[in-house]
Colleague: 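Encoded as structure tokens, here's the structure I'll be asking about.
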Amino acid sequence: MARLFVSDVHLDTQAPQATAQFLDFLRGTAAQAQALYILGDLFEAWVGDDDQDPEKERVSEALRALGARGVPCFVLHGNRDFLLGAGFCARSGCTLLSDPVVADIDGEPVLLTHGDALCTDDHAYQELRSTVRAAAWQRRFLALPRAQRELLANEARAGSKRHTARTIPVIMDVNPEAVAAAFRATGVRRMIHGHTHRPAVHELVVDGVPAQRIVLGAWYEQGSYLACEAGSYRLLDLPR
Ligand code: MN
């Protein structure tokens with residue numbers, strides 16, 4: 001049985017085909033797996049666990065059903081859904097992991113992270129990240145009425161799109177030094193992340209030792225997942 005990894009599903013009411021495909025994935029491929037790891041940005045937006053969007057609710061229920069079948073599901077925060085909290089975990093049965101985290105994957109320690117923290121060349125984004133990840137900021141934000149939080153989240157998404165459109169692509173990719181530092185700090189030889197929407201398997205050498213960085217794909221045009229079985233990894237597309 002395989003362990004499966006996805007990220008950047010970006011579930012959104014504006015993209016019902018992606019939601020339908022992800023629900024199919026949960027009920028089909030994932031139901032046969034040993035465990036499912038969602039490495040951030042499952043949702044395009046998450047303004048608090050009091051979100052009552054019926055589509056998000058369907059996803060939570062499908063995750064809960066997966067857990068009930070004996071497939072544990074682990075979730076990391078992404079830059080879009082970093083406010084997923086205890087309420088979401090209670091409804092979905094998912095376990096929230098800290099980002100980054102070193103997980104035991106078939107006996108090997110593997111670094112799992114969303115990946116946005118590795119994009120250190122994007123100074124404007126890193127500044128925003130440290131603001132919104134502060135506990136005090138999150139307490140103030142979550143105390144606002146939901147309608148106001150949704151309005152602010154929409155503004156933030158528009159601002160993010162403008163920023164992405166005028167920033168050169170290499171700035172929004174991971175920084176090689178940040179990647180090397182993460183390998184050094186954790187001592188692992190393999191990391192898995194998403195965020196950049198550049199699915200690939202990168203073979204590296206860090207301090208003279210081989211290392212591997214696996215990047216998961218986004219679910220905008222098609223599905224994408226990584227399967228690990230008996231220590232071998234395969235990045236797979238799911239045509240829509
Ligand atoms: Mn992201």
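From a predicted model like this one, the values you see are computed outputs, not experimental measurements. Numbering starts at 1 and runs along the sequence shown. Whatever order the structure lists them in is the order used to number ligands and atoms, beginning at 1.
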Colleague: Please determine whether the number of non-hydrogen atoms from other residues, nucleotides or ligands lying under 6.0 Å from atom CD of Glu127 exceeds 12.
Modeller: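 It does not: Glu127 CD has 12 such atoms or fewer within range.
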Colleague: Would you check if there is a donor-acceptor pair between the side chains of Asn79 and Asp116 at a distance under 3.5 Å?
Modeller: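 Looking only at side-chain atoms, Asn79 and Asp116 do not form any donor-acceptor pair under 3.5 Å.
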Colleague: So, Thr13 versus Glu55: side-chain donor-acceptor pair below 3.5 Å or not?
Modeller: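 Not at all, the side chains of Thr13 and Glu55 share no donor-acceptor pair under 3.5 Å.
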Colleague: Would you mind telling me which of Arg189, Arg3, Arg190 makes a salt bridge (charged side-chain N to carboxylate O under 4.0 Å, His left out) with Glu108?
Modeller: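 Only match with Glu108 under salt bridge (charged side-chain N to carboxylate O under 4.0 Å, His left out): Arg190.
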Colleague: As a test of understanding, state which of Glu221, Gln222, Gln21 forms a side chain to side chain donor-acceptor pair (under 3.5 Å) with Arg240.
Modeller: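 Of the listed residues Glu221, Gln222, Gln21, the side chain to side chain donor-acceptor pair (under 3.5 Å) partner of Arg240 is Gln21.
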Colleague: Only pairs at least two apart or in different chains count here, so list each side chain to side chain donor-acceptor pair (under 3.5 Å) that has a residue in residues 82-91.
Modeller: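 As it turns out, the side chain to side chain donor-acceptor pair (under 3.5 Å) pairs with a partner in residues 82-91, which skip direct neighbours, are Glu57-Arg91.
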Colleague: Just to be careful: counting only protein atoms that are N, O or S, how many fall under 2.8 Å of the Mn ion (ligand 1)?
Modeller: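 For the Mn ion (ligand 1), the figure is 4.
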